[in-house]
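Structure first, commentary second.
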Amino acid sequence: MRFLSLFNHDSSRIQLRKSSGGIKPLSNKASSLRSRIMSTPIPKILVLPLLQHKGTPAKPIAKSGDRVLKGQKIAEAADASSAPVHAPTSGRITGIGLHALPDEFGTLAACITLASDGNDQAIKTTFTADFQNMSESDLLERIRDAGIVGMGGAGFPTYLKLQSSNEHPVDFLIINAVECEPYITADEALIREHACDVVTGANILKRVTGAKQCIVAIEDSKIDAIAELKLAALNSAIQIAIIPEKYTAGSEKQLIHSVTGREVPAGKYPASIGVSLHNTGTAFAIYKAICEAEPCISRITTVTGSTLKTPKNFHVLIGTPIAFLFDLCGVDQTKLSRIVVGGSLMGTCLPDINAPIIKTTNCLIAGSAEEFTEPQPEQACIRCSFCADVCPVNLLPQQLYASSRCQDYQQADNFGLFDCIECGACAYVCPSHIPLVQYYRASKSEIEKQRTNRHNADKWQARFQFHQYRYKREKKQKLLQSSSIEHQPETEHNKQADFSREKARLEISEAVARVKARRSKLITTSSVATEREDKP
Amino acid sequence: MTDFLSILIAAAVVNNVVLVQFLGVSAFYAGSNGLKNAIEIALLSATVLIVASLTNLLLTKTILAPLNLMFLQLICFVAVSGSLTVLIFQWLRQKFPDSLHRLHLHIILVGGNSAVIGISILNTRNGLSFTENIANSIGAAVGFALVMIGFAALRQRLDTADVPQSFRGPAIHLISAGIVAMCFLGLAGLV
Amino acid sequence: MFPLIDTAYFQILAFTVLGVGIIWLILITFRYLKTESNKQQLSLIDQINALLPQTQCGHCGHPGCLPYARAISHGAAINQCPPGGKHTIQALSILLNQANEPLNPCHGEHTEPLVAVIREGECIGCTKCIQACPIDAILGGTKLMHTVIESECNGCDLCLEPCPVDCIDLIPRPGKQLRQWPLPSHIDVDQHNIGANP
């Protein structure tokens, strides 16, 4: 497909490169795009976790029992890598406690529970829709205050991302509308209906980052969205890059390489090479925050799956319980086999249906047993190298698998385990049905645990060495002192002191003997015991 | 020159000292523990092999043959190789005190290496001249290093592979070495 | 073979190239050995000590991690450290080129991270636990209350024995434990079949 066609908006300056690897699964997107985005009614209870992003949890500033208005800040950022939380609707805070998060383990985390009153009364704000006259630092402050995080699923606080891009000059600002993963259509629906707002958001981002070029990258199969986008970007300096449909073409590092030709170094962020990449939903949230003074309190989420009567995209309030959404859609409970948060390749199973929608929940799939079949039994690796052919990061999945299975973590790290983006393409193509991504995730968890242990061991070793030094120093001081008071006559007072010391020693030795008898450990510690008792 | 090159290639690849002539297999197996180990032992063995074979040739030509003491050949070669190994190791240890740790293990592997002594004996048995001797020793050293380093990488792969319980460890290593030896037989028509 | 190879010029050239090649190989060897020796090589004891968990608990039978490292370098068994668990044993077996063994159960069991907690109502202020703690993680003074600094405690349980009123407990470290992804269930996590790869 030639990219220098008439349909491309000024794409002569964008030279697209083919991204390596990737697979072409069935996209399953048509069913959720048949209708327009639907707004949801306000649920009775909203659960707002304090940690909806990558970083430290927010600190609640509202107390239980407080009446809050829509858009009011109820938790502030704890530090630089945190993001505030706002009330999505008006109501009363009923508590701050533990609640299940929508992740694979059902982790319990601190959440603010809000009981809505149905009025949806918004907090009064003074806003200017004229972002052209605001300074960059004001815009940045507004974005930070609005609690915007990466809405594509990563959840990195946008303020932090923009701040780090301020330290390096930004050559490319890329808005990621590729959305290559099957089932997810949130960004496509957003662009279809709100293309102008997304373009405004992109322009705001362009101003804040000071980028030289702004590119919106979109998949070639999203025809309606591309038409709307072209119309909206007609009179702006925004270029549109049309990426051939392929899974993992929309992954951050792969997209940056396709569009700009630059590679993000391992372990570093795109800001270090002068690229700033943001999701479409993030750009829309920024538009809302700056031009409509609405903080991050809602998002577009795709609710799909073959068990639903009407799969579609919803404009949901953050904190809506997932069970509420499914009731709206009409789930066929007899066919429902599992609920997946995220797309079908990188998503995770949801254990608790009462978990809330958070800022990074872009898709929910209510899958039937035919849609998500039971995994076939794992067989031996036949060295076919299909996995290496499809890996978008050009790793060696076979070697990573062999090292992970033997728990040879050093070797796994040498093969670039931490560069793996866990896209699942290798597991998708494996003819032996080996759950490769599970091995990689287990190895990554284990390596990180070992790193923590190493860090702790170093800390304790330093403390132990200081303890030994301190002990020696005190001994030396005592020696000096005792040599100066050696020749004091033995008085009555000292005799009494001796007597009580002996009694105390007796009590202590009895207690110690009791403890020793109770703990039946075979420590051959003649040296340990005497060393401990030698201390005064 | 043709002869020189052909003897070199033959000794390195066609008549590989480890996989075709089956000399020095113990050092080859013990040394291919890991890549770093393999490189160290390969380099040390290569040095000792070349120096020892030249010294042994000198010894044969000047002392053993004229005085009709060829029956002492084996003992003399062993003594010469052993002492040369120790001398070379001492000198290297003086020069690089911190690097060659666990050298005492390597001394046995290199000094008692049957490849060293075997090449020396084969040289005298085949009646090679001086340049041919050099070619043979260099070829054998290169072949030894090549196979050992390659086998170290192979062992790394074997150790992470899904080998049946009864074959794990030396069993699968030796089977793989045998298969690689068969591959080397395929190079017989080269020279 | 080819008539070209037997000419004198070619022979001289070839031998020169060969000689240069051999000299280059020898120089490479020396360079390699020199860089190896220039690296700050820790002594074997320090290398072993770097792999131990530094809890200084004494469960191995030696009064601290450095004495145990010293003993290992003289040939002691490597499977005596319960806080280190099987990962420490595996790392030691790779470093020392020894066989991997399971943890010796008579030295204790490998547990999740523990911390000591003093039941402050029963504490008599005798400072025995403060003296026992190898990393100064207990705060307190004579006849004053003692408390364990949770972030610094390594769960070595050396403070439990000297306490005359037995008011110290070992509890699992509180706080959010990161859930770990497990390997597929058919993998036997205790069996390691990695060769020693220095």
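Residue numbers begin at 1 in each chain, while the letters A, B, ... track the order of the sequences. Being a predicted model, the structure only gives us computed values, none of them experimental.
Only the backbone of C:Ser151 has a heavy atom closer than 4.5 Å to any heavy atom of chain A. Residue A:Gln468: no heavy atom, backbone or side chain, is found under 4.5 Å from chain C. Contacts between C:Cys156 and chain A at a heavy-atom distance below 4.5 Å are absent for every atom of the residue. For chain A, the nearby part of C:Pro53 is the backbone; its heavy atoms alone come within less than 4.5 Å.
C:His186 contributes atom NE2, which lies 3.5 Å from atom CD of A:Glu378 (distance to the nearest 0.5 angstrom). Note that CD1 of C:Ile135 and NZ of A:Lys459 are 8.0 Å apart. Values are rounded to the nearest 0.5 Å. C:His87 contributes atom NE2, which lies 3.5 Å from atom CD of A:Glu446 (distance to the nearest 0.5 angstrom).
Chosen from C:Leu51, C:Leu66, C:Thr127, the residue pairing most often with chain A at heavy-atom distances under 4.5 Å is C:Leu51. When the candidates C:Gly84, C:Ala91, C:Pro164, C:Pro184 are compared by the number of heavy-atom contacts under 4.5 Å with chain A, C:Pro184 comes out ahead. Among A:Gln410, A:Lys449, A:Gln465, the residue with the largest count of heavy-atom pairs under 4.5 Å with chain C is A:Lys449.
In this structure, the side chains of C:Trp181 and A:Lys444 stay at 4.5 Å or more apart for every pair of heavy atoms.
A donor-acceptor pair under 3.5 Å is absent between the side-chain atoms of A:Arg463 and the main chain of C:Cys153, judged by distance alone. The backbone N or O of C:Glu152 lies less than 3.5 Å from a partner atom in the side chain of A:Trp460, making a donor-acceptor pair.
Heavy-atom minimum distance, C:Gln54 versus A:Gln461: OE1-CG, 3.5 Å.
Between C:Leu183 and the choices A:Gln438, A:Arg405, A:Gln407, the side-chain contact (heavy atoms from CB on, under 4.5 Å) rule is met once, by A:Gln407.
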